Each structure stands twice: as C-alpha cells, then as structure tokens.
Visitor: 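Quick one: this structure, given as structure tokens, is what I'll be asking you about.
These numbers were taken from a predicted model, which means no experiment stands behind them. When a ligand or atom number is given, it counts from 1 through the structure's own listing order.
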Amino acid sequence: MLKKIFVLTSLFLLQIIFSNADQLSDKTVPESFNSLSVEELSPEVKKSLDNKLKGKMVTAENWMIVTANPYASVAGAEILEKGGTAADAMVAAQVVLGLVEPESSGLGGGAFLLYYDNNKNIITTLDGRETAPLKASSSRFQKENGQPMKFFDAVVGGLSVGTPGVPALLFEAHKKWGLINWNELFDNGILLSENGFSVSKKLSESIKKDEQRLHSFKQTKDYFFPNGLALAHQDIKKNESYASTLKLISNSGIEEFYEGKIAEDILNTLKKSNSEKQLLEEKDLKNYKIIERPPVCIKYKVYDVCGMGPPSSGGIAVAQILGILEKFDLKSLGYSNPETWQIIGDATRLAFADRGLYVADSDYVFVPTESLIDKKYLATRAYKIKPGERILDVKPGDPLLNQTLNYSKNYSIERPSTTHISIVDQYGNALSMTSSIENAFGSRLMTQGGFLLNNQLTDFSFKDEVDGKLIANRVQPGKRPRSSMSPTIILKDGNPILVTGSPGGSNIINFVVNSIIAFLEWDLDIQQSVSLPHAINKWGKYEIEESLKSTNLKPSLESMGYETKYRKYFSGLNAIHIGEMLEGGTDPRREGIVLGN
Ligand code: GLU
C-alpha cells in the first residue's frame with residue numbers, strides 16, 4: 001500500500017513540477033528547494049526535507065537513495081519502487097543530475113562506482129575515469145618556458161578535456177546489474193529537459209560566481225545567460241538539446257556517444273575551444289573502456305572498509321588513515337577533544353605524503369597499493385604520532401624500501417562541483433558512486449548536445465619531473481588522472497552496513513574518513529555523522545570549519561604548534577546505514593535529499 005502511495009505521489013509530484021513549475025508557491029519549504037514546493041505535493045519528499053532541516057535521518061525498510069538534488073532522488077526512487085536495482089536507479093538519477101546539477105557532473109564527465117552484489121556477495125568497482133588524449137605529452141600543462149600554467153588558464157578550454165567515462169559507465173553498470181529496460185531509465189531525464197526544471201539555489205549561485213569564465217564560449221554563455229541574464233534561483237530552464245542527446249543514447253546505446261553523432265559534436269566543440277594542441281580525437285573516444293578493478297579494502301576493527309583503487313587515491317588514503325587511527329582510542333577521546341583532531345590530522349598528513357609520491361594510474365606507473373595499506377607498514381606510520389604533540393616533519397614512508405618516484409605538486413582547487421550517489425535496493429545490493437566534471441562547470445565547454453565537457457585532465461601533475469625524477473601522476477597518452485574520489489562501502493561479517501561518499505576535491509578523503517569515525521566510534525546516527533563540522537589537515541595549515549568558532553579547537557591546535565585557519569567547506573556526504581532499517585543522511589551543506597520506502 002505504502003509503495004503504491006509513493007509511486008502515485010511521486011509521479012504526481014513530477015507531473016506538477018513539470019507542468020506548473022513556474023506557478024509553484026514557495027511558502028514554507030527550505031530555502032534551497034523552495035522552487036520545488038515539494039512539501040505540498042509529496043509526503044515523502046516533504047518528510048525528507050523536514051528531517052533534513054531538523055537534522056534527523058530518514059528511515060525505510062526496502063530501498064533507499066540519496067543524491068545531491070531532489071529531482072534526481074525522485075527519478076531514482078521511481079525506478080527502485082518499480083523493482084529496479086541500485087544500478088538502474090543510478091542511471092536514472094545520474095541522467096537527471098546532468099541536467100539539474102550540470103556544474104557538478106554529467107555525460108561529459110567521469111565517475112568511480114562501487115557495487116555490492118548481494119547474490120554473489122562481492123564488491124566490484126568500475127573505473128569510469130576520463131583518459132588523456134593519445135596525443136598528449138607530459139608537458140601539456142606547461143608554458144613555453146617549462147613552468148606550470150596557471151590553474152584556470154589550463155582549465156578553461158579544450159586542453160583540460162579528457163575522454164568522458166560516464167556514458168560508458170552507465171551502460172556497463174546496467175549491463176552487469178540492471179533489470180529495467182535501458183530506455184526507460186531516461187524517461188524522467190527527457191521529460192524534465194523538455195518541460196523544464198526549476199533552477200536550484202546552488203546552480204544559480206555557481207553561475208553568478210563563475211560569470212566571467214562561463215562567458216568564454218558562446219554555447220555555454222547562451223545556455224546559462226539566456227537573454228544575457230544569469231539563470232536565477234527558481235527560473236524554469238529547459239534543455240531540449242540534452243533531451244535529444246538522451247533520446248539518442250536511450251534508443252541507440254552509447255555507440256552514438258563514442259562513435260556517432262554525439263562524438264562528432266564533442267570533437268567539433270573542442271575544435272572551437274581556445275586550444276589547438278593535443279586535443280581529443282576520434283580514436284580517443286572510440287577506444288574508451290570502463291575498467292573493472294578489485295576494490296581496495298582494509299580491516300578496521302571488525303569492519304572491512306572498501307574503496308576505489310588507483311587511479312583514485314581515495315581508497316588507499318581512506319584505508320591508510322583508518323589503519324593508522326585504529327591504533328588510537330578515538331572512542332574514549334571523543335569528538336570534542338583537540339587531541340582527537342591532532343591524531344586524525346597527523347594520520348592524514350602521513351597519508352597525504354604517501355599519496356603525493358606514490359599514487360597515480362597503476363596501468364601506467366607502479367603503485368605499491370598492497371604495501372601502502374599493509375598493517376605492519378601502517379603501524380610504523382602510527383608510531384610517529386604522539387598524542388598531544390604535532391609531528392614536526394611529515395615525510396612519505398618507504399613501504400618497499402625502494403623510492404623511485406618524486407613528489408607531485410597538488411593543484412586541486414575546491415569549488416562546489418562533483419556529486420555523490422548512495423543507493424540500496426530491495427534485493428540488498430548497494431551502490432556508491434562519485435561522479436564529476438572536476439571544477440564547477442568543468443572546461444566551461446558546452447556541446448550542441450546540451451552537456452558540459454569535463455576539465456578532469458587538470459588533476460594530473462602540471463610538472464612531469466623534479467630534479468630528473470619522474471612524477472607518478474604526470475600526463476601520459478591515454479592515462480587517467482589521479483583522483484581523490486572515495487566512494488566507500490563498509491562491510492561487517494561480510495554484509496554491507498555503510499554506503500558513503502562525498503564531493504570536495506582532495507578534502508573528499510577526510511570528509512569520508514571523519515564521517516566514518518563519527519559513525520563507528522562516536523555513536524552518532526548517520527545524519528549526525530554527515531552533518532558534523534569538519535577539521536582537516538592534509539598539509540600546511542590545519543583548516544577548521546567556521547561553525548567550530550565557538551569551540552577551543554583552534555587555540556588548542558595552535559598550542560600544539562599547528563598553524564590554523566577557519567574556512568567554509570562544501571562537502572556533500574550522502575550516506576546510508578544498513579541496520580535493522582535503512583537509515584539515510586545527507587549533507588546539510590548541499591541540496592541533497594534521502595528517499596526510501
Ligand atoms: N576532480 C576531483 C577528483 O577526481 C574531484 C573534484 C571535486 O570533488 O570537486 O578528485
């Protein structure tokens with residue numbers, strides 16, 4: 001019965017949003033979502049929004065989905081309700097995210113996915129990361145004098161665009177685990193593109209902040225500034241070109257994207273970009289492959305924490321930090337003790353030192369993954385941490401007694417881009433996927449097909465060597481840039497208990513770790529765990545979320561010798577706890593909602 005009511009109300013909700021969106025009232029719903037007026041239309045969406053405002057988790061019995069945008073959660077929920085798997089729901093949700101949250105992810109980007117298959121009791125990971133053009137050289141992001149380019153000079157335009165992986169990833173996930181017909185998964189995306197969606201506060205603010213760069217290309221400018229004015233919060237926006245792209249892919253499959261009309265459109269868009277050298281070519285698109293890889297797992301107490309291996313640094317870094325932290329009694333120390341943050345901060349600094357030296361695309365350079373997460377090695381790293389005293393000089397470790405690579409300088413800049421989807425279906429499968437076009441609005445190049453192209457290649461090191469030693473994460477033809485994305489699934493006794501992940505550039509690693517510690521050690525529920533204020537020290541200053549200003553954390557860390565600073569964070573943790581019930585939490589810093597039944 002409950003199921004039926006949900007299907008009806010959410011169908012009704014979509015219908016009303018699509019047909020009357022411009023007349024919707026904005027009386028009592030939270031600021032970010034008021035254009036949807038969802039609380040008046042669907043009890044489930046209203047409940048989720050209410051819970052979020054009150055900091056309460058959402059519970060369900062059969063299935064659950066958490067995405068960064070209500071439209072996407074509803075699209076995925078419909079598929080789950082009609083018997084779809086987590087993979088089916090992910091496809092429907094991602095297609096909608098590409099429309100309503102185009103600054104963060106889409107068909108022109110890449111993603112990493114973890115899938116727990118309940119029948120086989122295994123976790124598989126799919127690597128849908130972008131690839132460098134086969135013509136790329138290692139000096140790609142260097143000026144004529146060999147010095148690294150300025151970040152945004154490299155980002156805006158064709159130079160930063162890697163072969164998109166998302167379309168192939170959707171197809172592969174559906175082929176492996178889907179139950180619903182491929183073309184049905186695009187219905188809501190097509191409908192919403194044709195009828196219009198209500199522009200969210202985050203999208204409108206992102207457009208305002210990026211006005212100058214979005215003006216770089218006509219297609220992009222025309223889309224985000226119709227009649228010369230920036231799209232505003234609650235404007236109703238259609239994207240008919242995107243609807244046509246979705247129709248092509250839903251009817252003819254992804255060949256259209258990698259070899260057909262859409263491929264041609266991508267190459268034409270690149271030709272018109274402000275760069276001429278080493279751009280993607282036909283064969284780059286045609287050769288693109290999703291790579292299935294084993295997950296990177298570590299035992300943390302009674303749990304198996306599994307994540308994404310190289311080319312993401314996420315799985316290794318999360319595993320290293322947790323493996324180091326296991327040696328300390330964070331449960332007794334507690335959340336509000338500055339010593340807790342000194343220990344987590346130093347564990348993070350140690351992991352980031354290793355990350356800088358060793359982690360890149362393991363199909364191109366040797367990455368000592370197993371040695372880096374070996375418990376004996378991590379014990380030597382943990383030994384360096386003395387409670388109450390900052391480590392003075394953090395250096396990468398030597399898990400193989402054989403250092404051959406050099407540091408790569410990190411150029412990642414954090415903007416509110418990238419997105420995370422967590423899903424559990426009624427069959428007990430669990431999915432965790434982080435999806436990205438890298439910077440907000442990626443390369444700022446929009447195709448005629450109504451989607452933005454990524455700037456993921458700027459996740460490569462801009463330098464290729466230092467003092468004659470090669471950098472692991474240097475640009476090489478066909479290589480995938482190192483990522484920080486950390487989609488994570490935690491198992492206990494072989495069964496999944498936590499599905500989580502976040503956007504946030506290199507801070508992703510700590511957003512995920514901190515929320516895992518909060519959940520497993522500090523008896524917080526899933527919503528409290530993702531809402532908890534952040535404090536992060538990767539290198540340089542210890543950065544503390546502004547909401548902690550009233551605490552003694554800053555002066556206490558300073559008395560231990562850290563330089564500190566307050567800042568805002570744009571985490572977007574979307575997590576599900578699988579216990580007696582399904583419990584979902586979504587980051588209050590973004591616009592996501594949890595839906596379940
Ligand atoms: N490009 C980043 C990565 O792959 C993600 C960017 C973000 O989260 O904003 O690590």
Visitor: Between Asn537 and Glu543, is there a side-chain donor-acceptor contact under 3.5 Å, judged purely by atom types and distance?
Guide: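 No - no donor-acceptor pair under 3.5 Å links their side chains.
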Visitor: Quick one: look at Arg480 and ligand 1, take heavy-atom pairs under 4.0 Å, and tell me if it's side chain, backbone, both or neither.
Guide: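 The answer is neither.
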Visitor: Do Ser138 and Asp464 get their side chains close enough for a donor-acceptor pair, meaning under 3.5 Å?
Guide: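 Indeed, the side chains of Ser138 and Asp464 share at least one donor-acceptor pair under 3.5 Å.
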Visitor: With a 3.5 Å cut-off and no angle check, do the side chains of Thr348 and Asn510 form a donor-acceptor pair?
Guide: yes
Visitor: Just jot down the ligand 1 atoms closer than 4.0 angstrom to any heavy atom of Gln456, in number order.
Guide: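 Listed by number with element: 1 (N), 2 (C), 4 (O).
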Visitor: Between Arg355 and Ser484, is any side-chain donor less than 3.5 angstrom from a side-chain acceptor?
Guide: yes
Visitor: Find all atoms of ligand 1 within a distance of less than 4.0 Å from any non-hydrogen atom belonging to Thr418, and give their numbers and elements.
Guide: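 Atoms satisfying the 4.0 Å criterion: 5 (C), 6 (C), 7 (C), 8 (O), 9 (O).
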Visitor: By number and element, which atoms of ligand 1 are closer than 4.0 Å to a non-hydrogen atom of Ile508?
Guide: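 Checking each atom against Ile508, I get 8 (O).
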Visitor: Looking just at side-chain N and O atoms, do Ser502 and Ser571 make a donor-acceptor pair shorter than 3.5 Å?
Guide: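 Result is no, nothing qualifies.
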Visitor: Check the side chains of Thr447 and Gln219 for a donor-acceptor pair under 3.5 angstrom, ignoring hydrogens and angles.
Guide: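 The criterion, which ignores hydrogens and geometry beyond distance, is not satisfied for Thr447 and Gln219.
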Visitor: At a 4.0 Å cut-off, with the gap strictly under it, does some heavy atom of Arg129 reach an atom of ligand 1?
Guide: yes
Visitor: Who's closest to atom 10 (O) of ligand 1 heavy-atom-wise, of Ser484, Ser435, Ser312, Gly110?
Guide: Ser484
Visitor: From atom 1 (N) of ligand 1, work out which of Asn439, Asn455, Asp459, Thr419 has a heavy atom at the shortest distance.
Guide: Asp459
Visitor: I'd like to know if the side chain of Thr586 pairs up with that of Asn574 as donor and acceptor (distance under 3.5 Å, no hydrogens or angles considered).
Guide: yes
Visitor: Looking only at distance, does Gly505 have an N or O less than 3.5 Å from an N or O of ligand 1?
Guide: yes
Visitor: Does ligand 1 come near enough to Pro503 that some N or O of the ligand is less than 3.5 Å from an N or O of the residue?
Guide: no
